[in-house]
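Reviewing the structure listed below.
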Amino acid sequence: MADKRGRKAGSSSSPAPAKKSSQEVGAKGDFDVDGDLDKNAIEEFFAPVAGFGVTMASLFSPVVTEQYPFEKKPTAPRYHGRHQLNRYADGLEKCIGCELCAWACPADAIYVEAGNNTPEAQYSPGERYGKVYQINYLRCIFCGLCIEACPTRALTMTNEYELAGQTRAEMIFEKDELLAPLRSGMLAAPHPMVEGTNDDDYYRNEVDGPTPTQVDWVRERRPEDPTLDAAEAAARTRAEQGGER
């Protein structure tokens, strides 16, 4: 009968654990009230001084403030700055208008419109060239994916980082703002490719400058071109050294 009454009451057969006294808890936990009070008092005393610890340490450290824009420090060699459309050694443009850079851009910041090369208007090796090229620097995140996608190394990134404008339209850079300047000895496009070459020769960087034939072609059609004299001198030098193809 006792067992039945115990089951009905829901009681357990094992005895309940005995409660520990407060003295036993304090003895095992090593709780020291006086020690903790002394520790808190010391921390409160040094708290104002510790708050100035970083400030005091910074007073005697070297100054790292950059006096920009009066003093400009060079960037890293592989810094991702403003884009640049490059040229070949004879002055033709490397961009072929394939639009791969625009497709690779995750921010949709690049717009490219291709044009067809003709015998009288050859701007790049091959069949097409970048007729319209725009980069919206309000969208660009300077990730460099467009550089990796370019098959001809036409698009690279410079170390220029000073990009600002008064209006939104000024932050959309056009092709003439992105195109690399003509170096001395280059011949401004359009003009024919180096005679006896194809676009593969250009892609392999086997063209090292303009030829007299190219110079004559430009002189006949654009006699006032400012790049003629330097290009003619470079072509003559290469011809004398046996560099003409």
Donor + acceptor pair across side chains of Q214, D216 (<3.5 Å) | no
Does E177 come within less than 4.0 Å of R82, counting only side-chain N to carboxylate O?
-> no
Mark yes or no for whether E170, through its side chain, and Q166, through its backbone, hold a donor-acceptor pair below 3.5 Å.
-> yes
Evaluate whether atom CZ of R78 has more than 12 neighbouring non-hydrogen atoms of other residues, nucleotides or ligands under 6.0 angstrom away.
-> no
S124 side chain reached by C95 side chain, heavy atoms, under 4.5 Å | no
Do the non-hydrogen side-chain atoms of P192 and P119 ever get within less than 4.5 Å of each other?
-> no
Are Y203 and V207 linked, directly or through other ILVMFWY residues, by side chains that come within less than 4.5 angstrom of each other?
-> yes
Regarding Y137 and H83, is there a side-chain donor-to-acceptor distance under 3.5 Å anywhere?
-> yes
Step by step, work out the side-chain contact (heavy atoms from CB on, under 4.5 Å) result for D225 and L228.
-> CA-CA 6 Å; D225 194 302; L228 276 172; 3.9 Å; yes
With no hydrogens and no angle check, do the side chains of Y79 and E160 hold a donor and an acceptor under 3.5 Å apart?
-> no
Ion pair check, K175 and E93, cut-off under 4.0 Å | yes
Side-chain touch Y129/N116, heavy atoms, less than 4.5 angstrom | no
Using a distance-only test with no angle check, is there a side-chain donor-acceptor pair under 3.5 angstrom linking N136 and Y111?
-> no
Any link between L179 and F173 through a network of hydrophobic side chains (Ile, Leu, Val, Met, Phe, Trp, Tyr) touching at under 4.5 Å?
-> yes
Any chance you could measure L155, atom CG, to C146, atom SG, to the nearest 0.5 Å?
-> 5.0 Å
Give a yes or no on whether R222 atom CZ has more than 12 heavy-atom contacts from other residues, nucleotides or ligands under 6.0 Å away.
-> yes
Short N-O contact, R236 and E232, less than 4.0 angstrom = yes
Which atoms form the tightest heavy-atom contact between G209 and V194, and what is the distance?
-> O-CG2, 4.1 Å
Working to the nearest 0.5 Å, report the span between CG of L187 and OG1 of T227.
-> 4.5 Å
Short N-O contact, E66 and K72, less than 4.0 angstrom | no
Supply the atom-to-atom distance Y123 OH to T118 OG1, rounded to the nearest 0.5 angstrom.
-> 8.0 Å
Apply side-chain contact (heavy atoms from CB on, under 4.5 Å) to the pair R87 and L182, showing each step before the final yes or no.
-> CA-CA 8 Å; R87 303 174 185 266; L182 288 162; 3.6 Å; yes
Validation row: M157, F142 side chains within 4.5 angstrom (heavy atoms) | yes
Rounded to the nearest 0.5 Å, what separation is found between the NE2 atom of H80 and the CD1 atom of I141?
-> 11.5 Å
Would you say the side-chain atoms of N117 pair up with the backbone N or O of R128, donor to acceptor, closer than 3.5 Å?
-> yes
Taking the side chain as every heavy atom from C-beta outward, state whether H191 and Q122 have any atom pair closer than 4.5 Å.
-> no
Would you find more than 12 non-hydrogen atoms of other residues, nucleotides or ligands less than 6.0 Å from E162 atom CD?
-> yes
Please assess M186 against D90 for the test side-chain contact (heavy atoms from CB on, under 4.5 Å), listing each intermediate value before the final yes or no.
-> CA-CA 5 Å; M186 287 185 174; D90 63 347; over 6 Å; no
Would you say the side chains of E206 and T197 form a donor-acceptor pair under 3.5 Å?
-> no
For A89 and P210, which heavy atoms make the closest approach, and how far apart are they?
-> O-CD, 3.9 Å
So how far is it from I172 CD1 to R139 CZ, rounded to the nearest 0.5 Å?
-> 8.0 Å
Is T152 close to Y88 at the side-chain level, that is, under 4.5 Å between some pair of heavy atoms?
-> yes
Output the distance between atom CG (L85) and atom SG (C101), rounded to the nearest 0.5 Å.
-> 8.0 Å
Side-chain contact test, heavy atoms from C-beta onward, threshold under 4.5 Å: evaluate it for M193 versus L92 and give yes or no.
-> yes
Distance-minimising heavy-atom pair for T211 and A235 = C-CB, 3.8 Å
Do V112 and V132 come close enough that some side-chain heavy atom pair is under 4.5 Å?
-> no
Any donor-acceptor N/O pair, N198 side chain to D201 backbone, under 3.5 Å | yes
Please test L178 against Q84 for side-chain contact (heavy atoms from CB on, under 4.5 Å), starting from the C-alpha separation and ending with a verdict.
-> CA-CA 5 Å; L178 300 169; Q84 177 174 281; over 6 Å; no
ILVMFWY network linking I110 to L138, side-chain heavy atoms under 4.5 angstrom | yes
Just wondering, more than 12 heavy atoms not from R153 lying within 6.0 Å of its CZ?
-> no
